[in-house]
Amino acid sequence: MAETTMRLRLMTAEGRDLDQEVHFVSLPVVGGAIGVFPKHMRLTAALQEGPVRFSSEKLGEKTVQIIGGFAEVTGDSVLVLTPHAEGECFEQHA
């Protein structure tokens, strides 16, 4: 994995799964939003309804709408667990 990218894994309770190498992720955390770049400090956050935005070489800039959940951030990955997500990138990634 290059130092300028990290792995974004977004999984839903419905079985939808997105797994991409990304340059940036924006998460709708409770009380606002946070931006995550590679090498970000570790954190776990509760998510509220809103957009997860990311940028990748393969898909470009995309947005996935979620209805809440949790995120775990490490230096080289972001894991998003949510009950439901909508976005055209699921169809493009399939």
Side-chain angles (χ1 to χ4, degrees):
M1 182 179 315
E3 288 187 16
T4 60
T5 63
M6 61 190 163
R7 180 180 181 196
L8 170 63
R9 182 99 189 257
L10 191 149
M11 299 187 304
T12 73
E14 303 160 326
R16 297 183 107 185
D17 189 6
L18 178 69
D19 192 352
Q20 285 290 311
E21 289 293 317
V22 299
H23 301 288
F24 173 77
V25 178
S26 174
L27 299 169
V29 297
V30 173
I34 60 168
V36 178
F37 288 95
K39 306 266 186 214
H40 194 283
M41 68 180 210
R42 290 181 167 268
L43 72 92
T44 302
L47 302 175
Q48 63 185 9
E49 184 173 342
V52 173
R53 295 185 173 94
F54 65 93
S55 174
S56 78
E57 292 261 337
K58 184 176 179 182
L59 299 177
E61 293 185 17
K62 296 293 179 188
T63 300
V64 175
Q65 293 292 327
I66 64 167
I67 61 166
F70 294 92
E72 178 183 51
V73 177
T74 65
D76 62 357
S77 68
V78 176
L79 172 63
V80 174
L81 302 173
T82 183
H84 179 77
E86 297 271 332
E88 69 180 39
C89 56
F90 286 108
E91 288 73 31
Q92 290 179 352
H93 181 36

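- The nearest pair of heavy atoms linking P28 to E49 is CB-O, 4.4 Å.
- Every residue two or more places apart in sequence or in another chain that forms a side chain to side chain contact (heavy atoms under 4.5 Å, CB included) with E57 is listed here: H23.
- Scanning both residues, P83 and G68, for their nearest heavy atoms gives CD-O, 3.6 Å.
- With sequence neighbours excluded, the residues satisfying side chain to side chain contact (heavy atoms under 4.5 Å, CB included) with A46 are V30, F70.
- Listed by chain and residue number, T12, R16, H84 satisfy the side chain to side chain contact (heavy atoms under 4.5 Å, CB included) test with E14 (two or more places apart in sequence, or in another chain).
- Among residues at least two apart or in separate chains, there is no ring pair (Phe, Tyr, Trp, His ring centres under 6.0 Å) pair with a member in residues 45-65.
- Every residue meeting the side-chain hydrogen bond (donor to acceptor under 3.5 Å, both in side chains) condition with T74, not counting sequence neighbours, appears here in chain and number order: D76, S77.
- Using a cutoff of 4.0 Å between basic side-chain nitrogens and carboxylate oxygens, K62 and E88 are scored as salt-bridged.
- In plain terms, the two heavy atoms of A45 and L43 that are nearest each other are CB-CD1, 3.7 Å.
- Taking L81 as the reference, M11, L79 meet the side chain to side chain contact (heavy atoms under 4.5 Å, CB included) condition, with sequence neighbours excluded.
- A ring pair (Phe, Tyr, Trp, His ring centres under 6.0 Å) check over residues 24-52, counting only residues at least two apart or in different chains, returns the pairs F24-F37.
- Separating the CD atom in E86 from the CD1 atom in I66 is a distance of 12.5 Å, to the nearest 0.5 Å.
- Screening V64, V73, L27 against V80 for a side chain to side chain contact (heavy atoms under 4.5 Å, CB included) leaves a single residue, L27.
- Atom-to-atom distance recorded for R53:CZ and T63:OG1 is 5.0 Å, nearest 0.5 angstrom.
- L10 pairs in a side chain to side chain contact (heavy atoms under 4.5 Å, CB included) with only one of the listed residues (D17, V78, L18), which is L18.
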